[in-house]
**Student:** 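Sharing a structure below in structure tokens format, with a few things to ask.
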Amino acid sequence: MLTTSQALTQFPLLTSPWIVVGAGLCAALIVVLADWRLALLAFAAQSVLLTMLSTRLLPFEWAVLRMLLGGLIGVLWFISARRVRWGQRQEPGRWWLLRRGRGERWPLLSTVTLLRLLAVVLAGLVFFRLQERLILPVLPSDLGLACVWLWLMGFLAMGLSDEPLRAGLGLLTITAGFQLLYAALEPTALAIGLLGSLDLLLGLAVAYLIVARGVAGRPGMAQQLGMPPLEESAAEEVEK
Amino acid sequence: MIAGPTLVLGLPLLAAVLVYLLRRWALAAAGLAAAVAGGLALITWHWPPQATVYFLGHTVEMGQPITLLGQHLTLTPAARPLLTFTCSLAAACFLYAWRISQGRSFFPLGLVLLSLLNTAAVTQPLTRAPLVLAFAAALAVYIIQAGRPGSTRGALRWLIFPVMAFPFFLVAAWCLSQVPLNPDDLAPFAATARFLAYGFLFLLMAVPLHGAVPALTAEAPPLVSAFLLLSHNAVVIFLLNGFLRAYPWLADYHDVSRWLLWMGLITAGWSGLLAAGQRSFGRLWGYASLFDFGCLLAALGLGGPWGLPLAASLFIARSVALLLGAMGLAALRHRARGDSFQRASGAARRLPWSVAGLLAGGVGLAGLPLTAGFPGHWALLQFLGQQMPRAAIILLLGAAGVIVGYLRGLRALLGPLHDPEVEREPRLASGLVAVLLLVSLLLSLRPQLLEDLVSTITTALGTIVEVQL
């Protein structure tokens with residue numbers, strides 16, 4: 001009788017190169033997208049696609065753990081970011097103010113997004129130029145390339161932003177790439193459990209930092225969330 | 001029967017639960033945390049790994065290995081000085097944090113971190129230890145941020161480097177496991193050496209990957225910074241030494257001494273240059289500590305019979321100087337509500353002991369005479385002056401940069417008082433600073449006092465045996 005994972009390998013979808021392309025695209029979107037909700041969505045989609053890829057190396061039940069973790073972390077970050085109204089302007093942009101030349105500029109396509117897109121394109125060019133040298137011998141070639149691409153995008157996401165949400169997405173993209181590689185090197189429950197628990201701890205730490213960053217300049221919200229205002233906080237002796 | 005690792009790792013964890021419940025009562029939390037950490041320091045120092053002792057009605061087999069989550073944990077003679085150091089460092093930090101708060105979470109999470117750092121020190125094989133450091137970094141985020149709304153740069157950068165480093169070690173471990181399958185194939189050896197080098201590049205946080213250090217000292221509570229910097233440095237140097245002794249063939253693939261020497265010189269020169277232009281004591285202290293770390297790496301890179309003892313004596317002096325600087329900075333931030341030169345203007349009149357500690361700690365990291373750092377830095381300069389005069393000049397220029405930075409700070413501290421409401425420093429805090437100042441002065445005048453300690457450390461580190469593949 002076939003086991004779950006053996007049965008799943010019968011599905012051609014799981015070995016389809018489009019899954020690798022999809023995972024790579026999601027990683028690139030994490031770097032490029034300015035809207036944090038869309039970036040989180042791309043992260044969740046990347047987790048699902050990487051789970052599908054992992055079924056080629058791991059038993060299905062273990063691979064699903066990645067999806068659960070990715071989903072959990074995504075929800076955790078979404079709630080944290082939502083709670084502190086991450087990325088929200090102090091004053092909502094109003095078109096009639098824009099027309100009269102007052103208020104903020106309409107963010108059709110920010111220069112930051114363009115810069116990120118350019119960085120991803122450049123990274124992509126370097127990646128395709130060097131892809132023959134980037135093959136990891138322990139992995140099927142498509143998975144090896146996916147690993148390297150995830151690392152590259154993770155580094156870019158971290159390098160292009162100091163904000164916890166974006167840097168956290170980059171960090172978890174790097175660990176996701178590594179987990180794909182390590183699933184081939186040491187496919188044991190212990191290794192998967194340890195790396196998964198590290199991911200969860202990282203997710204919690206970044207969620208905490210999202211909240212800490214998000215309540216900056218909002219003393220009322222800080223108090224509401226149990227973060228003492230500047231003068232009362234034990235560590236607030238640090239002056240910015 | 002209790003195994004040694006269970007005691008060393010379990011006791012801080014158990015205490016952390018109690019301390020967490022008591023965290024709102026600073027005296028109780030600090031007292032309990034300091035007592036547990038100090039007690040562990042005494043235990044690891046006095047009970048050798050081969051000892052069997054009776055403790056609270058139980059037999060404790062210090063050398064008995066345990067297996068936890070598939071990791072083998074053994075209290076080796078080599079790890080003993082490291083365990084004693086991290087525990088006593090934690091005890092000193094907890095004690096000072098009673099009077100100058102470093103955040104409520106510091107006591108319980110500090111104990112959990114202590115347990116994790118101890119785990120990294122006793123983990124076998126060594127390739128698994130960086131994974132534990134990554135766990136520790138994920139927990140350190142909370143005490144670095146310490147409930148402070150605003151910039152998260154320090155916490156984030158401290159988190160990133162160990163997380164980037166551990167995959168290289170795990171892959172290196174896999175490469176090592178491939179060696180017995182085909183002993184004639186040299187490729188796994190070369191791959192292991194390459195991955196370990198990448199891993200250590202991230203773990204050492206030297207220039208150009210030094211961004212975490214000034215960010216940490218600028219944003220984290222000072223005692224937290226000192227605790228994290230010193231314990232991380234100690235564990236990483238222990239691991240580096242351990243790898244080089246356990247796998248001596250690594251030297252065939254990389255000229256480790258040369259790498260360390262140049263990495264140290266670049267770090268010291270660059271951070272000295274940047275220190276001269278800083279305008280806040282937090283960042284200045286960070287660059288001064290980086291300069292000192294560069295000197296430490298250069299000493300390790302010297303190799304030979306003098307390299308390790310010199311590095312050990314520099315590390316002890318570094319610990320005194322960093323703690324002194326942290327205590328001074330903590331009091332300054334607490335009372336002057338900031339550490340920028342502008343905010344700290346005139347603070348020397350209200351906080352004389354803290355300011356003395358801050359300055360002595362800072363220039364001690366540069367190796368100025370009459371500070372604990374002087375004998376080690378002087379010896380390093382002499383060694384380098386004989387072999388590589390240009391390297392000695394780089395170190396001198398770096399030290400000059402740090403001293404210029406602190407002179408600029410001193411000018412501000414002696415200037416007109418910025419805030420007339422700055423309160424005087426707490427007595428216990430002044431007392432602790434005074435004691436450390438005395439220790440620093442004593443170590444500068446009588447460096448031979450460290451001779452036994454340095455010899456114990458180098459002997460212990462020399463007990464790491466070569467791993468047969």
Side-chain angles (χ1 to χ4, degrees), chain A residues 84 138 151 154-155 158 162-164 167-168 170-172 174-175 177-179 181-182 184-186 188-191 193-195 197-206 208-219 221-222 225-231 233-240, chain B residues 26 69-71 97 100-106 128 131 134-135 137-157 159-160 163-164 166-167 170-171 173-175 177 218-222 224 280 282 329-340 343:
Chain A
V84 294
V138 288
W151 293 332
F155 274 114
M158 283 199 305
D162 245 357
E163 285 181 354
L171 198 61
L172 285 194
I174 290 177
T175 58
F178 171 67
Q179 284 176 27
L181 168 67
Y182 207 61
L185 300 182
E186 202 182 323
T188 60
L190 185 70
L194 274 176
L195 293 178
S197 51
L198 178 64
D199 264 7
L200 194 58
L201 265 185
L202 290 177
L204 286 170
V206 172
Y208 173 69
L209 293 181
I210 290 170
V211 172
R213 183 78 187 85
V215 297
R218 294 161 169 171
M221 189 186 281
L225 290 170
M227 291 189 147
L230 208 72
E231 57 277 10
S233 165
E236 255 321 339
E237 294 89 357
V238 185
E239 188 190 57
K240 286 283 117 344
Chain B
L69 292 172
Q71 318 297 311
I100 305 277
S101 173
Q102 304 293 298
R104 279 181 196 148
S105 53
F106 179 49
R128 297 281 177 168
L131 179 61
F135 274 98
L139 280 180
V141 161
Y142 301 97
I143 57 171
I144 294 172
Q145 198 62 27
R148 177 176 46 82
S151 170
T152 53
R153 190 177 295 165
L156 203 55
R157 290 196 179 171
L159 175 68
I160 285 172
V163 174
M164 305 279 262
F166 86 87
L170 292 188
V171 177
W174 179 81
C175 290
S177 70
E219 292 189 353
V224 171
S280 76
L329 186 61
L332 182 74
R333 277 185 185 169
H334 190 255
R335 293 301 200 237
R337 298 201 172 280
D339 67 356
S340 64
R343 272 270 182 190

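First the proteins, then the strands, lettered A, B, ... as listed; each starts at 1.
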**Student:** Below 4.5 Å, heavy-atom pairs only: which of A/V215, A/L201, A/D162 has the largest tally toward chain B?
**Tutor:**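 Looking at each of A/V215, A/L201, A/D162 in turn, A/D162 comes out on top.
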**Student:** Tell me, for A/I210 versus chain B, whether the close heavy atoms (under 4.5 Å) come from the side chain, the backbone, both or neither.
**Tutor:** neither
**Student:** Quick check: closest heavy atoms across A/F178 and B/V171, and the distance to 0.1 Å?
**Tutor:** CE1-CG2, 3.6 Å
**Student:** Among A/A191, A/G170, A/S197, A/G168, which residue forms the greatest number of heavy-atom pairs with chain B at distances under 4.5 Å?
**Tutor:**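 That would be A/S197.
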**Student:** Chain B heavy atoms under 4.5 Å from A/L198: which part of the residue, side chain, backbone, both or neither?
**Tutor:**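 It is both, since atoms from each part get that close.
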**Student:** Using the six-membered ring wherever Trp is involved, compare the ring planes of A/Y208 and B/Y142 and label them parallel, tilted or perpendicular (cut-offs 30° and 60°).
**Tutor:** tilted
**Student:** Nearest 0.5 angstrom please: B/L170 CG to A/L185 CG, how far?
**Tutor:** 9.0 Å
**Student:** Measure A/L209 against the heavy atoms of chain B and call it side chain, backbone, both or neither at under 4.5 Å.
**Tutor:**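 Both parts, backbone and side chain.
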**Student:** Examine whether an atom of B/L131 lies under 4.5 Å from a heavy atom of chain A, and if so say whether it belongs to the side chain, the backbone or both; otherwise answer neither.
**Tutor:**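 Contact with chain A: side chain only.
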**Student:** A/T175 versus chain B, heavy atoms under 4.5 Å apart: side chain, backbone, both or neither?
**Tutor:**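 The side chain, not the backbone.
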**Student:** Do you know which two heavy atoms are closest between B/A138 and A/A205, and how far apart they sit?
**Tutor:** O-CB, 3.6 Å
**Student:** How far apart are the closest heavy atoms of A/R213 and B/S151, and which atoms are they?
**Tutor:**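 Heavy atoms of A/R213 and B/S151 come nearest at CD-CA, 4.4 Å.
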**Student:** Can you name the closest pair of heavy atoms from B/L156 and A/A167 and give their distance?
**Tutor:**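 Answer, listing the atom of B/L156 first, then A/A167: CD2-CB, 3.6 Å.
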**Student:** Using non-hydrogen atoms and a 4.5 Å limit, figure out which bit of A/V138 sits close to chain B: side chain, backbone, both or neither.
**Tutor:** side chain
**Student:** Mind ranking A/V206, A/I174, A/L202, A/V211 by heavy-atom pairs under 4.5 Å with chain B and telling me who comes out on top?
**Tutor:** A/L202
**Student:** Please classify the contact of A/L194 with chain B as side chain, backbone, both or neither, using a heavy-atom distance under 4.5 Å.
**Tutor:** both
**Student:** For B/F166, is it the side chain, the backbone, both, or neither that has a heavy atom closer than 4.5 Å to a heavy atom of chain A?
**Tutor:** side chain
**Student:** So what's closer than 4.5 Å to chain B heavy atoms on A/E163: side chain, backbone, both or neither?
**Tutor:**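 Just the backbone, heavy atoms under 4.5 Å.
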